[in-house]
Amino acid sequence: MPRTYRPSHLLPPTHSSPPKWLMAVLMLCLGLVLAALLLRTDLGASTPAQAAEATPSLSPTAAPSPTPAPTPTPEPTPAPTPEPDWSLPVPEGKAVDQKEWFADAVFIGDSRIDGFKLYSGVTSEATFLDYTGLTVFDVAEGKKVIRQGSEKITILDALSQKTYGKIYIALGVNELGYYDPEGFAAVYGQVIDAIRESQPDARLYIHSIIPVNTKKCKANDIPYYVTNENIIAYNQVLPDLCQEKKLRLIGIPEALLDEAGEMAPEVSADGVHFKKPGYGLWLDYLTSHTGE
């Protein structure tokens, strides 16, 4: 039987497997793709969505508000100590032990202070720079009235030889004859300045002039200008002096006065000076009027 011709495209499909070389190429390509994917994963590659999530926001982040430091509670400001009214006499207080109190004291004055030294009973440890008839003018002008050995020196020179804690000054009776209270106060101020320069740490006390007994003054020929009227005028300038110089003003002991405001006759020796009990009363007044 003759062979019938069939076109090749009409031949039935064959079922032969692909060539091995083709399979090798495909396997190689697949391996390269897998390797690339693994490498991308190792390097942190991600999907676009993941990359968007991982990308930090570039919008500015508000800085946290600083925690304010706690405000310290202010300490209460202590009230300033009021300046004392130096023009007022030192008020009465608890009496001090006079021996201890006056041990570092010096008294400057005239014959009244000399009598105080001799008859009041004040401790012998106190120092006295006194002279009968002494005035503030004598002190200011440097009159030599304090005996030291065979010579005399001034009040201020004698004062400078030792350091004192308290200085009591009692002057004024012998200045009454000048009839010049303002001049008296002006020179008194100069004396105070000189004393302060010599004794900067000492307390300064100024005595008011104690009144006299008029009848006894006349009976003992006391100078006519020593009157209570003049004493009042001189005492009136002392408060302003004390206020200006910050001095402690010693008032007039009432125990030494009578009902009329004069020196009581029972304590008066000659109208100006005291009997021994009077000086004791003066000491009692000073021990209870220290300003402590």
Side-chain angles (χ1 to χ4, degrees), residues 83-91 107-116 129-143 145 154-156 159 167-197 203-218 220-254 256-258 260-264 268 270-274 282 285-286 289 291:
E83 179 77 10
D85 188 344
W86 301 99
S87 67
L88 298 178
V90 174
F107 291 82
I108 299 173
D110 49 33
S111 56
R112 280 181 165 183
I113 285 296
D114 184 49
F116 181 84
L129 301 177
D130 58 88
Y131 178 75
T132 299
L134 185 68
T135 68
V136 292
F137 306 105
D138 295 332
V139 180
E141 294 168 3
K143 184 176 181 179
V145 296
T154 69
I155 294 287
L156 294 177
L159 187 67
I167 300 175
Y168 287 85
I169 309 173
L171 293 168
V173 173
N174 298 298
E175 293 88 337
L176 296 176
Y178 290 94
Y179 301 100
D180 186 8
E182 288 73 21
F184 166 72
V187 177
Y188 216 153
Q190 296 172 16
V191 170
I192 294 301
D193 291 341
I195 291 175
R196 275 250 170 83
E197 185 175 352
R203 291 178 172 219
L204 268 65
Y205 294 86
I206 298 295
H207 283 75
S208 299
I209 305 171
I210 299 174
V212 297
N213 183 277
T214 303
K215 288 185 178 180
K216 287 198 172 185
C217 282
K218 291 181 178 179
N220 290 278
D221 296 324
I222 299 298
Y224 66 92
Y225 53 79
V226 180
T227 66
N228 286 327
E229 290 76 16
N230 286 339
I231 288 175
I232 290 172
Y234 273 63
N235 277 338
Q236 286 176 343
V237 302
L238 293 181
D240 287 343
L241 176 65
C242 289
Q243 186 66 37
E244 177 188 353
K245 302 296 183 180
K246 297 184 178 179
L247 311 169
R248 291 171 171 84
L249 178 62
I250 298 296
I252 300 171
E254 292 185 3
L256 295 175
L257 306 180
D258 62 12
E262 293 196 354
M263 182 187 296
S268 174
D270 58 1
V272 174
H273 303 93
F274 303 101
W282 190 0
Y285 184 88
L286 293 183
H289 292 76

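The analysis underlying the following values was restricted to heavy atoms, covering all of them including side chains, and did not include hydrogens, waters or symmetry mates.
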Is any side-chain heavy atom of V191 closer than 4.5 Å to a side-chain heavy atom of I108? no
Distance-only polar pair, side chains of D114 and S111, donor-acceptor under 3.5 Å: no
Main chain of D180, side chain of Y234: is a donor-acceptor contact present, judged purely on distance under 3.5 Å? yes
Please determine whether side-chain contact (heavy atoms from CB on, under 4.5 Å) holds for the pair S87 and L249, giving the CA-CA distance in whole Å, both sets of side-chain angles, and the decisive distance to 0.1 Å. CA-CA 7 Å; S87 67; L249 178 62; over 6 Å; no
Step-by-step side-chain contact (heavy atoms from CB on, under 4.5 Å) determination, T214 to T227: CA-CA 7 Å; T214 303; T227 66; over 6 Å; no
So, do V139 and I195 sit near enough that their side-chain heavy atoms are less than 4.5 Å apart? no
Flag if over 12 foreign heavy atoms under 6.0 Å of CD, E83: yes
Worked verdict on D130 versus L134 for side-chain contact (heavy atoms from CB on, under 4.5 Å): CA-CA 7 Å; D130 58 88; L134 185 68; over 6 Å; no
Which label fits W282 and H207: parallel for a plane angle under 30°, tilted from 30 to 60°, or perpendicular past 60°? perpendicular
Can you label the angle between the Y168 ring and the F107 ring as parallel, tilted or perpendicular, going by 30° and 60°? parallel
For the student: nearest non-hydrogen atoms of F137 and G183, plus distance: CE2-O, 4.4 Å
Taking side chain as C-beta onward, heavy atoms only, is N230 less than 4.5 Å from Y178? no
Are any non-hydrogen side-chain atoms of Y205 and L286 less than 4.5 angstrom apart? no
V212 and R112 have their tightest heavy-atom pair at CG1-NH2, 3.8 Å
Closest heavy-atom contact between L247 and I206? CD1-CG1, 3.6 Å
Measuring only between side-chain heavy atoms, which start at C-beta, is I210 closer than 4.5 Å to F274? yes
Just by modelled atom types, is the N213 backbone N or O under 3.5 Å from a matching donor or acceptor in the E262 side chain? no
With side-chain contact (heavy atoms from CB on, under 4.5 Å) as the test, would you mind laying out the steps for I169 and Y188 before giving the verdict? CA-CA 10 Å; I169 309 173; Y188 216 153; 3.3 Å; yes
Nearest atoms (heavy-atom pairs only) where S208 meets I252: CB-CG1, 3.8 Å
Quick test of your reading of the model: are K245 and D193 salt-bridged, counting only N-O distances below 4.0 Å? yes
Can you tell if the side chain of V145 reaches within under 4.5 Å of the side chain of I155, non-hydrogen atoms only? yes
